Visitor: 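Sharing a structure below in structure tokens format, with a few things to ask.
Throughout, residue positions are numbered sequentially from 1 according to the sequence presented. All values below come from the heavy atoms of this structure, side chains included, with hydrogens, waters and symmetry mates left out. These numbers come from a predicted model, not from an experiment.
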Amino acid sequence: MGISKVKRNLVLGILFFLPVAFLLMLYPSTHNYDPLEIVDENVSDLELFISNSETDILLKDHITIIGFLGNDPQKQAIAASNLKELVYDNFLGFKKFQVVIVLPKGTEAKSVAFHKEINNSGDMRFWHYVFGEPNDIKKIFNSLKIEEPLDESLSTDHVFIVDKDLKQRGRLDDRTEGEVEKKEPIYTLYSYDCIEVGEVKNKMSDDLRILLTEYRQKRKGNFNSTSRRAEDLNIEDK
């Protein structure tokens, strides 16, 4: 009986640790030296904005997902809920990670009601709202590489990743392996459509994980950047 129990525990241990060991070996080979690409190096910060927080909310020195929900944030409730459930909840607790929602001044009360709707549970300390004048909102937005403009209400269902140095991150080449093999034309991914669950769950979550890994490696002093810039692939400005 004793020998059988030892064998059973040994088999269970191997079955548990083997997949973990495989992932640990695979993960560095996939991501360590393939950082999330810089698509824009001059994102404006939020000095002219007020916030719902007791402290100033800035992009500098944070890893930020920034979104623009306009005069009626309720219209973007589905996009915001997808962002919260598929990204924010999964990365909550990572050092310097935050979500910032940009709204026009005068929507403070709407933001409170909106926040209650999307926050069914969980820690929302790192989900912020900032409020600014329309021209200042446009200035922030226009400092980003974009794939579609803000609508008339200063809203979009796309969100952006901005690193600690006010550099926008994304994909300079978003082709699949099959498209690369077929030599299809290069297309980019500057922002993430939060209405598209697959894009948020797969592409955005993966990209954010890669960026967080990059900063973890930098803290350990073993980061070797091979990140491509927009000019390397002759990507035109927006």
Visitor: Mind listing the closest non-hydrogen atom pair of Y192 and M204 along with its distance?
Guide: CD2-CB, 3.5 Å

Visitor: How many angstroms lie between CD1 in I137 and CG in N142, if you round to the nearest 0.5 Å?
Guide: 11.5 Å

Visitor: Are K116 and V112 side-chain neighbours, meaning at least one heavy-atom pair lies under 4.5 Å?
Guide: yes

Visitor: Quick check against the 3.5 Å criterion: does Y187 have a side-chain atom that pairs as donor or acceptor with the backbone of D174?
Guide: yes

Visitor: Would you say T176 and V180 make side-chain contact, with heavy atoms under 4.5 Å?
Guide: no

Visitor: Determine, step by step, whether I140 and I66 satisfy the side-chain contact (heavy atoms from CB on, under 4.5 Å) criterion, reporting the C-alpha distance in whole Å, the side-chain angles of both residues, the deciding distance to 0.1 Å, and the verdict.
Guide: CA-CA 10 Å; I140 296 288; I66 185 169; 4.1 Å; yes

Visitor: Rounded to the nearest 0.5 Å, what separation is found between the CZ atom of F160 and the CG atom of D40?
Guide: 10.5 Å

Visitor: Start with the C-alpha distance between K164 and I63, add both sets of side-chain angles, then the distance that settles side-chain contact (heavy atoms from CB on, under 4.5 Å), and finish with yes or no.
Guide: CA-CA 5 Å; K164 294 181 180 183; I63 298 170; 4.1 Å; yes

Visitor: Which residue pairs pass the ring-ring contact (aromatic ring centres under 6.0 Å, His included) test when at least one of the two sits in residues 86-109, sequence neighbours left out?
Guide: Y88-W127, F91-F94

Visitor: Can you tell me how far apart CZ (R216) and CG (L211) are? Round to the nearest 0.5 Å.
Guide: 11.0 Å

Visitor: Ignoring hydrogens, what is the shortest heavy-atom contact between F114 and A80? Give both atom names and the distance.
Guide: CZ-CB, 3.3 Å

Visitor: Go through the steps to decide whether I65 and L83 satisfy the test side-chain contact (heavy atoms from CB on, under 4.5 Å), and finish with yes or no.
Guide: CA-CA 9 Å; I65 298 172; L83 177 62; 4.0 Å; yes

Visitor: Within this structure, what is the NZ-CD distance for the pair K145 and E41, rounded to the nearest 0.5 Å?
Guide: 10.5 Å

Visitor: Give a yes or no on whether K201 atom NZ has more than 12 heavy-atom contacts from other residues, nucleotides or ligands under 6.0 Å away.
Guide: no

Visitor: Can you list the residues that meet the salt bridge (Lys or Arg N to Asp or Glu O under 4.0 Å) rule with D136, with sequence neighbours excluded?
Guide: none

Visitor: Starting from I195, walk the hydrophobic network (Ile, Leu, Val, Met, Phe, Trp, Tyr; side-chain heavy atoms closer than 4.5 Å) and list everyone else you reach, by chain and number.
Guide: I78

Visitor: According to the salt bridge (charged side-chain N to carboxylate O under 4.0 Å, His left out) rule, which pairs have a member within residues 178-200, sequence neighbours left out?
Guide: none

Visitor: Can you establish whether the number of heavy atoms outside K138 located under 6.0 Å from its atom NZ is more than 12?
Guide: no

Visitor: Would you indicate whether the side-chain heavy atoms of V197 and L86 approach each other to under 4.5 Å?
Guide: yes

Visitor: Identify, with sequence neighbours excluded, every residue that meets side-chain hydrogen bond (donor to acceptor under 3.5 Å, both in side chains) alongside S44.
Guide: none

Visitor: Could you tell me which residues satisfy salt bridge (Lys or Arg N to Asp or Glu O under 4.0 Å) with D163, sequence neighbours excluded, listed by chain and number?
Guide: R169

Visitor: So do F126 and V99 actually touch side chain to side chain, heavy atoms under 4.5 Å?
Guide: no

Visitor: I'd like to check N71 versus E152 (side-chain heavy atoms, cut-off strictly below 4.5 Å). Are they in contact?
Guide: no

Visitor: Kindly indicate whether the side chain of L59, heavy atoms from C-beta on, has any atom under 4.5 Å from the side chain of L46.
Guide: yes

Visitor: Please tell me if the side chains of K167 and V162 come closer than 4.5 Å, counting only heavy atoms from C-beta onward.
Guide: no

Visitor: What residues form a side-chain hydrogen bond (donor to acceptor under 3.5 Å, both in side chains) with H128, not counting sequence neighbours?
Guide: none

Visitor: How would you list all residue pairs meeting ring-ring contact (aromatic ring centres under 6.0 Å, His included) that involve residues 42-68, not counting sequence neighbours?
Guide: F68-F141

Visitor: Nearest heavy-atom pair of S81 and I118: which atoms, and what distance?
Guide: OG-CG2, 3.6 Å

Visitor: List the residues meeting side-chain hydrogen bond (donor to acceptor under 3.5 Å, both in side chains) with S53, not counting sequence neighbours, and say none if there are none.
Guide: T55

Visitor: Hey, does the side chain of D173 reach the backbone of I186 with a donor-acceptor pair shorter than 3.5 angstrom?
Guide: no

Visitor: Quick one: side chain to side chain donor-acceptor pair (under 3.5 Å) pairs with a partner in residues 90-112, sequence neighbours left out?
Guide: T64-Q98

Visitor: Could you list all the salt bridge (charged side-chain N to carboxylate O under 4.0 Å, His left out) pairs where at least one residue sits in residues 45-73, not counting sequence neighbours?
Guide: K60-D165

Visitor: For residues V200 and V87, report the shortest heavy-atom separation together with the two atoms involved.
Guide: CG1-CG2, 3.4 Å

Visitor: Could you tell me which non-hydrogen atom of G170 sits nearest to which non-hydrogen atom of L36, and how far apart they are?
Guide: O-CD1, 3.3 Å

Visitor: Could you go step by step and tell me if S155 and Q76 meet the side-chain contact (heavy atoms from CB on, under 4.5 Å) rule?
Guide: CA-CA 8 Å; S155 173; Q76 295 290 355; 3.0 Å; yes

Visitor: Would you compute the distance between atom OG of S51 and atom CG of L103 and round it to the nearest 0.5 angstrom?
Guide: 12.0 Å

Visitor: Working to the nearest 0.5 angstrom, can you tell me the gap between R171 CZ and E37 CD?
Guide: 9.0 Å

Visitor: Quick one, V130 and V100 - any side-chain contact, counting heavy atoms below 4.5 Å?
Guide: yes

Visitor: Checking Q74 now: which residues fulfil side-chain hydrogen bond (donor to acceptor under 3.5 Å, both in side chains) with it, not counting sequence neighbours?
Guide: E117

Visitor: Can you see which heavy atom on G70 is nearest to which on P104, and at what distance?
Guide: O-CD, 3.3 Å

